[in-house]
Amino acid sequence: MMRIGELAGRSGLLIDTIRFYEKRGLFGAQQVGRSSNGYRSYSDETVERVALIRQAQGAGFSLSEIVELFGLWDKAQL
């Protein structure tokens, strides 16, 4: 697990963008947690998810559409 600053560095996103994505529901429960001290912690898979978000946006999908697609993907993974 990594903290938000490390995720920002590894993904090339700003911390504010990561928080925005999280609020929009782009990260599933598997990607985001809280450490014992209350800090957000992100899994290594979150870096991959950010790359998928950027690719989907580049292909013309809106964030709302991406949220819907990830919702379907996450359900299928259960």
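By convention here, the first residue in the shown sequence is residue 1.
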Out of curiosity, Phe61 CZ to Leu52 CG, how far, rounded to the nearest 0.5 Å?
11.5 Å
Inter- and intrachain pairs under salt bridge (Lys or Arg N to Asp or Glu O under 4.0 Å), touching residues 44-56, at least two apart
Arg10-Asp44, Arg49-Asp74
So do Tyr21 and Val32 actually touch side chain to side chain, heavy atoms under 4.5 Å?
no
State plainly whether one hydrophobic cluster holds both Ile4 and Met1, where clusters connect Ile, Leu, Val, Met, Phe, Trp and Tyr through side-chain heavy atoms under 4.5 angstrom apart.
no
Got a second to check how far Gln55's CD is from Ile53's CD1, nearest 0.5 Å?
10.5 Å
CD of Glu65: more than 12 outside heavy atoms within 6.0 angstrom?
yes
Are Tyr42 and Ile18 packed together at the side-chain level, in the sense that at least one heavy-atom pair is separated by less than 4.5 angstrom?
yes
Side chains of Arg34 and Arg40: closer than 4.5 Å at any heavy-atom pair?
yes
When hydrophobic residues are tied together by side-chain contacts of less than 4.5 Å, even through go-betweens, does Ile15 share a cluster with Val50?
yes
Taking side chain to side chain contact (heavy atoms under 4.5 Å, CB included) as the definition, give me every residue that meets it alongside Phe20, ordered by chain and number, with sequence neighbours left out.
Arg24, Leu63
Just verifying a value: how many Å separate Thr46 OG1 and Leu26 CG, rounded to the nearest 0.5 Å?
11.5 Å
The reported gap from CE in Met2 to OG in Ser35 (rounded to nearest 0.5 angstrom) is 13.5 Å
